[in-house]
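Presented below is the structure to which this report refers.
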Amino acid sequence: MPAPPLDPFAPFRLDGRVVIVTGASSGLGDRFARVLHAAGATVVIAARRADRLEALAAELPGTTVVAADVAIDADCERLVETTLSTHGRLDVLVNNAGIGLAAPAESEDIEVFRQHLAVNVTGAYLLSQLAGRHFLAAGGGVIVNIASVLGLISAGQIPFTSYGTSKGAMVQLTRELAGQWARRGIRVNALAPGWFASEMTTDMFEDESSANWIRRKSPMGRAGEAHELDGALLFLASDASSYMTGQILAVDGGWMAV
């Protein structure tokens with residue numbers, strides 16, 4: 001009997017799996033939810049703006065909406081509990097929710113710094129912990145943290161102190177969780193985008209001098225397009241990366257290469 005035909009795309013499928021995507025009400029989170037749904041996943045989308053989530057869910061059959069602020073512990077707990085009670089399982093967590101404000105370190109209000117940590121790091125950790133407990137009991141699971149190249153290098157002339165620090169913490173959180181859970185069936189990796197147009201980066205891209213700075217500094221001479229993260233996200237969320245954990249995958253037009 002001949003061997004079945006090789007299907008190199010099969011490991012990228014997410015059929016039968018349940019995925020949580022935080023920060024799904026706009027920008028990259030909206031795109032991530034669409035991509036994971038297109039790959040066969042049942043998607044649970046979470047963010048603070050319920051109206052936007054409902055609009056997105058209307059386009060993605062079978063999607064569950066949970067209005068939640070990841071900076072609030074009870075909301076994180078409710079998100080995971082709702083996912084499990086509604087679908088009976090959880091397979092992948094995408095920690096995408098985040099904020100990013102630019103301000104010089106010498107003048108930035110300390111409360112802004114604390115807010116970045118609460119949303120970008122503490123919320124992601126609590127959700128990872130809650131999901132991780134379920135994954136350990138179930139025998140496995142996947143966490144994809146959305147970090148940033150600014151968690152790996154300085155932005156230089158653009159003062160993203162709080163954002164860069166929080167994303168640097170996200171990078172180390174990824175490695176720490178991966179190391180603790182690698183032998184217990186849980187894989188934890190991070191996607192580190194470079195400069196992409198999104199709701200968070202609107203001011204950067206609408207300011208011509210800032211947009212020119214991005215084009216001039218990027219080895220590829222341009223910012224990224226949202227669809228250029230699709231493959232990397234699916235790779236990390238699926239069995240295509242089954243022998244990979246604790247890695248930070250930069251999709252940045254060559255930014256980290258120079």
Side-chain angles (χ1 to χ4, degrees), residues 18-33 36 43-49 53 66-84 90-101 112-136 141-152 160-182 186-193 196 198-200 229 232-233 236-237 245-251:
V18 176
V19 182
I20 290 176
V21 181
T22 65
S25 61
S26 66
L28 298 182
D30 176 293
R31 177 74 185 189
F32 293 160
L36 295 166
V43 182
V44 178
I45 52 176
R48 292 176 296 173
R49 294 174 292 189
L53 294 178
V66 180
D69 183 341
V70 300
I72 299 174
D73 293 358
D75 281 13
C76 293
E77 294 165 359
R78 181 169 49 82
L79 172 56
V80 174
E81 289 169 358
T82 299
T83 300
L84 293 174
L90 171 60
D91 302 283
V92 182
L93 167 65
V94 179
N95 280 315
N96 169 71
I99 58 173
L101 302 172
V112 174
F113 185 84
R114 292 191 177 105
Q115 184 184 22
H116 277 76
L117 294 182
V119 175
N120 297 358
V121 185
T122 307
Y125 175 49
L126 178 55
L127 282 171
S128 296
Q129 185 182 66
L130 295 168
R133 290 169 182 163
H134 170 73
F135 293 158
L136 290 171
V142 174
I143 298 173
V144 181
N145 291 323
I146 307 304
S148 168
V149 293
L150 298 187
L152 298 167
F160 276 116
T161 314
S162 295
Y163 179 77
T165 300
S166 68
K167 291 302 184 179
M170 175 72 90
V171 165
Q172 186 55 30
L173 176 64
T174 299
R175 292 171 174 151
E176 182 63 28
L177 294 180
Q180 289 191 30
W181 291 338
I186 302 175
R187 297 189 300 105
V188 187
N189 293 292
L191 178 60
F196 284 78
S198 68
E199 188 174 68
M200 186 185 300
L229 292 169
L233 174 69
L236 295 180
T245 196
Q247 300 303 305
I248 315 302
L249 181 56
V251 181

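All values derive from a computational prediction rather than experimental measurement.
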In Å and rounded to the nearest 0.5 Å, what is the NE2 to CG distance from H134 to L84? 5.0 Å
So do V44 and V66 actually touch side chain to side chain, heavy atoms under 4.5 Å? yes
Rounded to the nearest 0.5 Å, how far does OG of S162 lie from CG of N120? 9.5 Å
F196 to V251 - nearest heavy-atom pair and separation: CE1-O, 3.4 Å
Measuring from atom CZ of R114 to atom OG of S166, what distance do you get when rounded to the nearest 0.5 angstrom? 15.0 Å
Donor-acceptor pair, distance only, cut-off 3.5 Å: does the side chain of N189 make one with the backbone of L236? no
Are any non-hydrogen side-chain atoms of F32 and L191 less than 4.5 angstrom apart? yes
Taking every heavy atom of L90 against every heavy atom of A131, the minimum-distance pair comes out as CD2-CB, 3.9 Å
Does any N or O in the side chain of H116 come within less than 3.5 Å of the main-chain N or O of V112, such that one atom is a donor and the other an acceptor? yes
Indicate yes or no for a side-chain donor-acceptor contact from N96 to the backbone of V21 under 3.5 Å, with no hydrogens or angles considered. no
Is there side-chain contact between L152 and K167, with heavy atoms separated by less than 4.5 Å? no
Please report the shortest heavy-atom distance between A24 and A47, naming the atom on each side. N-CB, 4.0 Å
Quick check for you: to the nearest 0.5 Å, what is the distance between L36 atom CG and R31 atom CZ? 11.0 Å
Restricting to salt bridge (Lys or Arg N to Asp or Glu O under 4.0 Å), what partner residues turn up for R78, sequence neighbours left out? D75
Look up atom CG in L53 and atom CZ in R48, then write down how far apart they are to the nearest 0.5 Å. 11.5 Å
Do S128 and L93 have side-chain heavy atoms sitting under 4.5 Å apart? yes
Begin from the C-alpha positions of D91 and V19 and carry the test side-chain contact (heavy atoms from CB on, under 4.5 Å) through to its verdict. CA-CA 6 Å; D91 302 283; V19 182; 5.7 Å; no
Flag the pair V142 / I186 as yes when at least one side-chain heavy-atom distance between them is below 4.5 Å, and no otherwise. no
Please report the C-alpha distance between S26 and R49 in whole Å, then the side-chain angles of each, then the deciding distance to 0.1 Å, and finally whether the side-chain hydrogen bond (donor to acceptor under 3.5 Å, both in side chains) criterion is met. CA-CA 9 Å; S26 66; R49 294 174 292 189; 3.2 Å; yes
How close do F135 and V92 get, heavy atom to heavy atom, and via which atoms? CZ-N, 4.1 Å
Can you see which heavy atom on V43 is nearest to which on A33, and at what distance? CG2-O, 3.9 Å
Reference residue L126; test side chain to side chain contact (heavy atoms under 4.5 Å, CB included); the match among D73, V121, I72, N95: D73
Is the side chain of N145 donor-acceptor paired with the backbone N or O of A147 at a distance under 3.5 Å, no angle test? no
I'd like to check the ring pair (Phe, Tyr, Trp, His ring centres under 6.0 Å) partners of Y163; sequence neighbours left out, ordered by chain and number. F160
Would the distance check show the side chain of T245 and the main-chain N or O of V188 forming a donor-acceptor pair, the cut-off being under 3.5 Å? yes
Of I45, I20, I143, I146, the one forming a side chain to side chain contact (heavy atoms under 4.5 Å, CB included) with V94 is I146
Rounding to 0.5 Å, atoms CD (E81) and SG (C76) come to a distance of 11.0 Å
